[in-house]
Amino acid sequence: MLSYRSLLHFSLLPLLTLPALCLAVPAVNPSPENVSATRIDAQREAFKEAKQAILEGDFATADALQQGILEGYPLTLWLDYYRLSDEPDVSKFDAAMDFIRSGKQQVLGQRLADKYLNVMGDAHDYQAVLTLMPELPCDPQGALSSAQKSKVCRFYEAKWALGEGTEAAVAFASNLYLSLRARPQACTGLIALYESNGYLTDKTRLEKFERAYIEPRYGNTVKSLSRELENSVYASQVKLAMELYEDPALWSSLDVSTPEAHKAAVLAFRRLARLNSREAQVLLDSFFARVNPSEVEKIGIYQTLATQNLGRLRSLEDVTWVDEHLPAVAWNESLKEQRLRRAVYFGQWEIVYKLLDHVRPALASEINWRYWKGRSALELGYKEEGRAVLKEVAKDRSFFGFLAAQSLGQQYAFNHLKLASDLPWPSTVASDPAVRRFFELWSMDDPNAIYEWREIAMHSTENVALMMAEWALRNGNVRYAIDSVVASKRWDALDYRFPVVYTEIYEKNARAQKVPVSFLYAISRQESMLNPVIRSPVGAVGLMQLMPGTAKMVSRQNRWKYGGTRSLTQPEVNVRLGSAYIRDMLDKFGNNRILAAAAYNAGPGRIAVWKSRDGMARDAAMYVESIPFTETRKYVQNVLLYDVIYNKLLHGTQSDLLTAAELSYRY
């Protein structure tokens, strides 16, 4: 552990004494010799002056300061960065590449690379783009964030423009165009290439029109594409389809003797199937008799109905209808995953077991589906195989990993990475340039300190990174502690990933509400990452992310004075109200943490809607896997997992992931 007293003898860096309960920590000055506080203060002021000069374009002043009082100052690297990142342009590219290649600050190097990727891409300097990004940045087939899509677009645009990798670029551009989701601005060039090279045809526009037509909430896209197709060979078909858009049940009024009317009727019926599958299913035979769709068209209709029939609230009869009407060869990956969830929900273990061999490998390898592979094997009597699979699953620190371990009677795989106890502070971190730069920025309350923090987490040695995370934790800086884990992906560093803060407040309210303190921490960690002042886009506030209306209601029920929304950023107020609300949810749902957590996230009214009504007994795992909202499904799993982890960190003991009552509850 860190020695508090050793800080007092840290002669390399001046000390800044923080409030009670915090470490006295090094503030600034990375130079190996003692430097007077007066000179340090002067360098800080000079740094601020040089930074401002750069931002105002006064490079002569900045140069004079860098070559004078700031010579040897650790943050001169930041002045170089400001020169390159403020108003980046083509003329600065070579200097930016020098900075990036130097590797002196890799986080800033990546930020520069991202900036200049767009600058050089917009300038059509495709060789420069590939210099910045010589390899495909991520799997283009995966689920990509907007930032990842932007990079892939830049990469493929450059490759295509230089006559390389055209086939892959066309395939990505085609999928990007046909997607109904908004495209990043950085993808404009790739789509322009796609169009100018003749790949964006009216047929492609029609395909996107038909995709958007079937789905709700894409009316503007449908109308825009219909205008683009007004002078195409598909104009008549599109015009007829638009006449049925608001009321697709009017398909029956069409004279389907022409190919255009036939296709419009099929499209309208698919829209009806998407909007009102019950009605479409009743009309299916009459539609087939009147319109006589092709086999391909039938498959499209069946796929649309199948998507609806595999919904969370649909019956076994609906699921059976899908099996009977849609051949397995026509099941896309989305339908396969939906069918798997329904098979779990209805305990159709043979379908679970077999279908998992026919989904994409990435899905089959996810920890929940590996659990269900083992579970289905056990249910089918393949005991040896089932136990072997679950033993592997139990090595994972996750809800399903711990669930597998609990079912096998094994210890949980906490895989706890700890800071070595014999590492000296501050000598372990003193020579690290990023540490020195961090403390310099941090001492000046410069928000850019976070980038040096991430440099430490990602590129310093593990000992340095963990010791700095320990420093953050001891100083009550939860954001830095958690950010260290997230930036470096050191998921095993549980002390910093799951900080224990405001202990008196949490323990007091845990006792008052008779709720395990580990459960309160778990909710708070999932909700806000223990940030007392964070506000969500929908207005939830603080550690336990209370909505002001909920806080007001809880205050009224308990006859507590409510200080308004602002008071919710105070930990003692937030945790008091949040704990009382959690107690209410536990009372409402028989002390069942699964249902209480789901209610906390999705609202208590959802729980009654999600309750089984077909008389089938479902266990906790089946219920959790079948929660219809992806966010709530992940939320419940995380909260229960975090409860176990916090119990381990707080008390040093292994608690059950699920209690006996939660395991025996009929969901």
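In this text, all values refer to a predicted model and were calculated from it rather than measured experimentally. FYI, side chains are in, hydrogens and waters are out, and symmetry mates aren't considered; it's all heavy atoms of this structure.
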Student: Within the distance-only criterion (no hydrogens, no angle test), does the side chain of D483 pair as donor or acceptor with the backbone N or O of R479 below 3.5 angstrom?
Tutor: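 A pair under 3.5 Å: no.
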Student: Tell me whether the rings of W471 and F439 are parallel (<30°), tilted (30 to 60°) or perpendicular (>60°).
Tutor: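 Correct class here is perpendicular.
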Student: If you count the non-hydrogen atoms of other residues, nucleotides and ligands that lie under 6.0 Å from CE in M529, is the total more than 12?
Tutor: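 Not buried by this count: 12 neighbours or fewer within 6.0 Å.
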Student: Got a sec, which residues hit side chain to side chain donor-acceptor pair (under 3.5 Å) with Q105, two or more places apart in sequence or on another chain?
Tutor: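 Scan of Q105 (side chain to side chain donor-acceptor pair (under 3.5 Å), adjacent residues dropped) gives E452.
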Student: With sequence neighbours excluded, give me every disulfide bond (SG atoms under 2.5 Å apart) pair touching residues 65-170.
Tutor: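 The answer is C153-C187.
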Student: Is there a side chain to side chain donor-acceptor pair (under 3.5 Å) between Y73 and E440 once you walk through the steps?
Tutor: CA-CA 10 Å; Y73 184 62; E440 191 64 28; 2.6 Å; yes
Student: Do side-chain atoms of K104 reach the backbone of F99 as a donor and acceptor pair under 3.5 angstrom?
Tutor: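 No, the answer is negative, given that no donor and acceptor are paired below the 3.5 Å cut-off.
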Student: Can you name the ring-ring contact (aromatic ring centres under 6.0 Å, His included) partners of Y480, sequence neighbours left out?
Tutor: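 Counting only residues at least two positions away or on another chain, Y480 forms a ring-ring contact (aromatic ring centres under 6.0 Å, His included) with F438, W453.
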Student: Does Y126 have any ring-ring contact (aromatic ring centres under 6.0 Å, His included) partners at least two apart in sequence or in another chain, and if so, which?
Tutor: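 Checked Y126 against ring-ring contact (aromatic ring centres under 6.0 Å, His included); matches are H124.
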Student: Which residue is it: L494, D492, I645? I am looking for the one with a side chain to side chain contact (heavy atoms under 4.5 Å, CB included) to H416.
Tutor: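 So the option named by the test is L494.
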Student: For M458 and Q106: C-alpha separation, side-chain torsions, deciding distance, then whether side-chain contact (heavy atoms from CB on, under 4.5 Å) applies.
Tutor: CA-CA 9 Å; M458 296 168 67; Q106 296 182 61; over 6 Å; no
Student: Among residues at least two apart in sequence or on other chains, which ones pass salt bridge (Lys or Arg N to Asp or Glu O under 4.0 Å) with D98?
Tutor: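 With neighbours one apart ignored, the set is empty.
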Student: Taking L84's backbone N and O only, do any of them form a donor-acceptor pair with Y116's side chain (distance below 3.5 Å, no angle check)?
Tutor: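 Flag set: sc Y116 to bb L84 pair under 3.5 Å.
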Student: Between S488 and R490, does a side chain to side chain donor-acceptor pair (under 3.5 Å) hold up when you go through it step by step?
Tutor: CA-CA 5 Å; S488 64; R490 287 188 181 89; 3.2 Å; yes
Student: Check D446 with R437, please: is the shortest side-chain N to carboxylate O separation under 4.0 Å?
Tutor: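 No, no charged N to carboxylate O under 4.0 Å.
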Student: List, one per line, each side-chain donor-acceptor pair under 3.5 Å for residues 189-200, sequence neighbours excluded.
Tutor:
unit_1 : atom_1 : unit_2 : atom_2 : d
Y194   : OH     : S174   : OG     : 3.4
E195   : OE2    : R205   : NH2    : 3.3
S196   : OG     : A192   : O      : 3.1
S196   : OG     : L193   : O      : 3.2
N197   : ND2    : L193   : O      : 2.8

Student: Step by step, work out the side chain to side chain donor-acceptor pair (under 3.5 Å) result for S224 and T221.
Tutor: CA-CA 5 Å; S224 175; T221 302; over 6 Å; no
Student: Determine, for R211 against E215, whether the closest basic-nitrogen to carboxylate-oxygen distance falls under 4.0 angstrom.
Tutor: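 No, R211 and E215 are not salt-bridged.
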Student: Does one side chain, of Y81 or N448, offer a donor that lies under 3.5 Å from an acceptor on the other?
Tutor: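 Short answer, no.
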Student: Just do the side chain to side chain donor-acceptor pair (under 3.5 Å) check on R111 and Y451 with the steps written out, would you?
Tutor: CA-CA 10 Å; R111 287 174 62 81; Y451 298 114; 3.2 Å; yes
Student: Does any N or O in the side chain of R525 come within less than 3.5 Å of the main-chain N or O of R497, such that one atom is a donor and the other an acceptor?
Tutor: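 At least one qualifying donor-acceptor pair exists.
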Student: For D89, what residues pass the salt bridge (Lys or Arg N to Asp or Glu O under 4.0 Å) criterion, not counting sequence neighbours?
Tutor: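 Counting only residues at least two positions away or on another chain, D89 forms no salt bridge (Lys or Arg N to Asp or Glu O under 4.0 Å).
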Student: Please check: side-chain N/O of Y521 versus main-chain N/O of V501, any donor-acceptor pairing under 3.5 Å?
Tutor: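 Answer holds: yes.
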Student: The criterion is side chain to side chain donor-acceptor pair (under 3.5 Å); which residues satisfy it with S460, sequence neighbours excluded?
Tutor: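 Applying side chain to side chain donor-acceptor pair (under 3.5 Å) to S460 gives D432.
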Student: Residues two or more places apart in sequence or in another chain: which of them pass ring-ring contact (aromatic ring centres under 6.0 Å, His included) with F209?
Tutor: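 In terms of ring-ring contact (aromatic ring centres under 6.0 Å, His included), with neighbours along the sequence ignored, F209 is linked to Y213.
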Student: Taking only residues at least two apart or on different chains, which pairs with a member in residues 52-74 satisfy salt bridge (Lys or Arg N to Asp or Glu O under 4.0 Å)?
Tutor: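 Output for this query lists D63-R83.
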Student: Any salt bridge between R474 and E470, counting N to O under 4.0 Å?
Tutor: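 Yes, charged N to carboxylate O under 4.0 Å.
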Student: Say whether T632 and N601, considering side chains only, have a donor N or O and an acceptor N or O under 3.5 Å apart.
Tutor: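 Yes, N601 and T632 have a side-chain donor paired with an acceptor closer than 3.5 Å.
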Student: Does N531 reach the main-chain N or O of V533 with its side chain, forming a donor-acceptor pair under 3.5 Å?
Tutor: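 Indeed, once roles are kept as given, a pair shorter than 3.5 Å links the two residues.
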Student: Please confirm whether the backbone N or O of S484 pairs with a side-chain atom of R454, one donor and one acceptor, at under 3.5 Å?
Tutor: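 Answer holds: no.
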Student: Output a table of donor-acceptor pairs, distance under 3.5 Å, between side-chain atoms of residues 161-173 and any protein atom two or more places apart or on a different chain; print 'none' if there are none.
Tutor:
unit_1 : atom_1 : unit_2 : atom_2 : d
E164   : OE1    : K159   : NZ     : 2.9

Student: Count the heavy atoms of every other residue, nucleotide or ligand shown that sit under 6.0 Å from CZ of R183, and state whether that count exceeds 12.
Tutor: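 More than 12 heavy atoms, drawn from other residues, nucleotides or ligands, come within 6.0 Å of this atom.
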Student: Give a yes or no answer on whether the side chain of N118 reaches the backbone of A186 with a donor-acceptor pair at less than 3.5 Å.
Tutor: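 Not a single qualifying donor-acceptor pair exists.
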Student: Please determine whether salt bridge (Lys or Arg N to Asp or Glu O under 4.0 Å) holds for the pair K51 and D86, giving the CA-CA distance in whole Å, both sets of side-chain angles, and the decisive distance to 0.1 Å.
Tutor: CA-CA 11 Å; K51 174 183 176 181; D86 185 51; over 6 Å; no
Student: Who passes ring-ring contact (aromatic ring centres under 6.0 Å, His included) against F498, sequence neighbours left out?
Tutor: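 F498: ring-ring contact (aromatic ring centres under 6.0 Å, His included) contacts with Y642, Y646.
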Student: Kindly say whether S334 contributes a backbone atom to a donor-acceptor pair with the side chain of E337 at under 3.5 angstrom?
Tutor: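 No: the side chain of E337 does not pair with the backbone of S334.
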Student: Looking at K418 and D495, is there a salt bridge between them, counting it only when a charged N and a carboxylate O are closer than 4.0 Å?
Tutor: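 Salt bridge flag = no for K418 with D495.
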Student: Indicate yes or no: does E333 engage K336 in a salt bridge with an N to O separation below 4.0 Å.
Tutor: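 So E333 pairs with K336 through a salt bridge.
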